[in-house]
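So you know, we letter chains A, B, ... as the sequences are listed, proteins then strands, and number each from 1. Small disclaimer: the values here were computed from a predicted structure and weren't measured.
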Amino acid sequence: MKIAVCMKQVPAVSEGNMDPETGVLLRAGLEAIVNVYDLSALEAALKIKDSRGASVHVFTMGPAKAENVLREAFAMGADEGWLICDKAFAGADVLATSYTLMQSIRAAGDYDLILCGKQTTDGDTAQVSGGLARWMNLPHVNWTTEIMDISDADMKVRYSMENRMVTASVSLPCLVSVEKDSFVPRMPSLKLKISGKKKEIHVLTMEDLEDKDKEHYGLSGSATRVRKIFPPPRTKQQEPVTLGGAGAAEYILSQLGHANLS
Amino acid sequence: MRKSNIGEWSGILVYVECRKGKVHPVGRELIGEAWRLAEELGAAVYAVAAGSGLDDISSQLTGCPLEKLYLYETDDEYTPIVYENIIAGCIEKLKPSIVLIGGTYEGRALAPRLAVAFESGLTADCTSLEIDTEGNLIQIRPAFGGNVMASIVTAHSRPQFATVRPGVMEPVFEESLREPVIVREMVNLTDERFKVLEVKETESGDSITEQNILVVAGRGVRKKEDLEMLRELSELLGGKLASSRALVEKGWMSPREQIGLSGNAVSPQYMITCGVSGTVQFMAGMKQTKNIIAINEDPSARIFEIAHYPVCGDLYGIVPELIERLKMQKGDDFTGI
């Protein structure tokens, strides 16, 4: 069984600020980390590898330094790493990102299962995996909490919907996005980390993809454009009461007086 | 991206999510917003619903200014390929310029499939929508974690897909409106690749969306262990502990306990926020709370814009005092029995 896992490098601090005078974006931390939600997708893949054997390939799209995502994945147990890296891919929205991922995964081979985290901490939309599934013409299981009884042909999955849990049987190949809490990522192993350092990384540029039309990628392939960014309008703020611990506690309790405290 | 002949697309289609014959409240909210936008565009508003037992859907949309309501009778439980095909078929027929979808579990699964099917733009979790001078939809959403807003347009392709979280828009009720034309269709679509085996309702009462009182932990909480103090406070008040997104990303709290655009929308009677700065994405998930008590050390914290009872102070000084007093109150009650 071959499993593809999509992982993204994101800024360590997701909350950027904007200088209200200059409109310049201030990003507090320039350090880049692996999107935490994607570690759960990798964990789900490694669990399948542990139980029935599988070759786990990790795909990441980004600048050259996103290679670190792949090294980190090797340290957890991933077998192969694919870096999707081309200037033409930059500035992609949901549509163009999911298209680039589809082209890249297809160029790399046939996979029985594609795993994604449920969202990223920077884009925060939870829409790319759904788009990727559609580009690949695959069924998509969203908000997955459990993967059970996986065979070469199909698997049983459990996933969240509003106010309910659904169990379904889904045939392979398919795409699964996982819930973070349900697949707690394992610690990296020192041995794998060392061997992973020497592992070859497969780099995919536009030349390696079937569709080489640069109009289909990055900003030019995107259907949406950010027209402007601006600081959120501020409404007038109430003057807060400034009280010490005891005084503040009394104040809060008096406001809570109407609540039916059990 | 597929460039569209924009003139061929007009009107606004709202996906009305329903289950067991009941309309999800976000449907009415989206129709309300669509109506506002449609007046500006001089266009019509349509709605589409899919599921089983759809007889009462139109009566649940009374007062919604709809031109047409499309009802597709199919399996009640959402599955990706069947639902995508049904709604895509409706879009194909109607050619709406804008498609609005609720930012629910179902809507966020459906929306990207539709956007890719039409190779058009999708903007997720919009907090406000406007129309520009050329008639494009301006989709506004928080970016970079929520301290920056972005205006996003889908200029060259149609439809313009947008999702909006429940509780963000206002529903509409117009007394004197004529009834929409109802178009009913049976669908015989099945998907051999995706079979629902069991649907189990989750037990209610436990979720943060169902509480009267919430204590909310924010970035101002310094260590994971300190959450115990806040959890104790929430339990003494008979409520639950929730959190802002920062602590979920740190792994201290679960996404199920997260309030905000990327978490849950809540509207309890009382909320005490502790060390929550109040990003736009957080406030979009809780602004309907009846009584907001906000504790924050920073007098210019954004949370004070919407707090009913803003308290500038150190949560580490205030919370233990609150716990002590609540325990004393409980003790008094107990000896009184």
Side-chain angles (χ1 to χ4, degrees), chain A residues 14-18 25 36 94-95 98 121 124-127 130-131 134-135 139-140 142-143 160-171 180-181 221-232 234-235 237-238 240-246 248-249 251-253 255-256 259 261-262, chain B residues 1 77 80-81 104-106 108-109 111-113 115-117 119-124 143-155 157 193-202 213 237-238 249 254-255 262 269-270 279-280 293 299 304-305 309-313 317-318 321-322 325:
Chain A
S14 58
E15 285 170 23
N17 250 314
M18 201 174 161
L25 198 63
V36 289
V94 170
L95 186 73
S98 54
T121 54
D124 208 22
T125 66
Q127 303 291 273
R134 178 59 180 75
W135 280 120
H140 179 209
N142 238 319
W143 331 115
S160 312
M161 291 292 275
E162 191 160 313
N163 304 324
R164 61 196 191 271
M165 295 298 297
V166 182
T167 310
S169 162
V170 183
S171 62
K180 174 169 169 282
D181 286 359
S222 296
T224 58
R225 283 279 184 288
V226 176
R227 193 170 270 180
K228 63 169 183 175
I229 59 170
F230 56 98
R234 294 206 67 143
T235 53
Q237 139 179 338
Q238 290 192 65
V241 297
T242 306
L243 294 162
Y251 171 76
I252 291 169
L253 280 176
Q255 303 308 337
L256 282 169
L261 305 182
S262 52
Chain B
M1 181 201 23
E77 187 59 43
I81 291 169
T104 59
Y105 282 91
E106 180 171 321
R108 291 193 297 154
R113 294 193 74 93
V116 170
E119 295 184 31
S120 189
L122 164 63
T123 306
F144 305 108
N147 291 326
V148 177
M149 304 300 289
S151 295
I152 297 164
V153 289
T154 299
S157 56
R193 294 187 287 173
F194 198 115
K195 291 192 196 107
V196 171
L197 304 174
E198 186 195 41
V199 179
K200 213 171 153 192
E201 309 291 321
T202 38
I213 300 186
L237 292 168
E249 286 179 10
S254 149
S262 52
Q269 285 293 324
Y270 286 89
T279 60
V280 178
I293 298 163
F304 292 146
E305 288 175 21
Y309 308 107
V311 178
C312 183
I318 297 169
E321 295 278 352
L322 267 171
R325 280 169 174 71

Against chain A, label [X] side chain, backbone, both or neither, depending on which of its atoms sit under 4.5 Å from a heavy atom there.
| X | answer |
| --- | --- |
| B:Ala115 | backbone |
| B:Ser262 | both |
| B:Val280 | side chain |
| B:Ile81 | side chain |
| B:Pro80 | side chain |
| B:Ala117 | both |
| B:Glu77 | side chain |

Quick check on [X] against chain B: is it the side chain, the backbone, both or neither that has a heavy atom closer than 4.5 Å?
| X | answer |
| --- | --- |
| A:Ser98 | side chain |
| A:Asn142 | side chain |
| A:Ser160 | both |
| A:Val36 | side chain |
| A:Lys228 | both |

For A:Tyr251, what residues pass the ring-ring contact (aromatic ring centres under 6.0 Å, His included) criterion, not counting sequence neighbours? none
Mind running side chain to side chain contact (heavy atoms under 4.5 Å, CB included) on B:Arg108 and A:Trp143 for me, showing each step along the way? CA-CA 10 Å; B:Arg108 291 193 297 154; A:Trp143 331 115; 3.6 Å; yes
When A:Thr242, A:Asn163, A:Val226, A:Leu243 are compared by non-hydrogen pairs under 4.5 Å with chain B, the top option: A:Asn163
Flag the one option from B:Gly121, B:Ser254, B:Ser157 with the top tally of heavy-atom pairs under 4.5 Å to chain A. B:Ser254
Quick one: of B:Arg193, B:Lys195, B:Gln269, who has the most non-hydrogen atom pairs under 4.5 Å with chain A? B:Arg193
With side chain to side chain contact (heavy atoms under 4.5 Å, CB included) as the test, would you mind laying out the steps for B:Leu122 and A:Leu95 before giving the verdict? CA-CA 8 Å; B:Leu122 164 63; A:Leu95 186 73; over 6 Å; no
Using the salt bridge (charged side-chain N to carboxylate O under 4.0 Å, His left out) criterion, which residues pair with B:Glu321? Sequence neighbours excluded. B:Arg325
Taking A:Thr224 for the side chain and B:Thr154 for the main chain, is one N or O donor matched with an acceptor at less than 3.5 Å? no
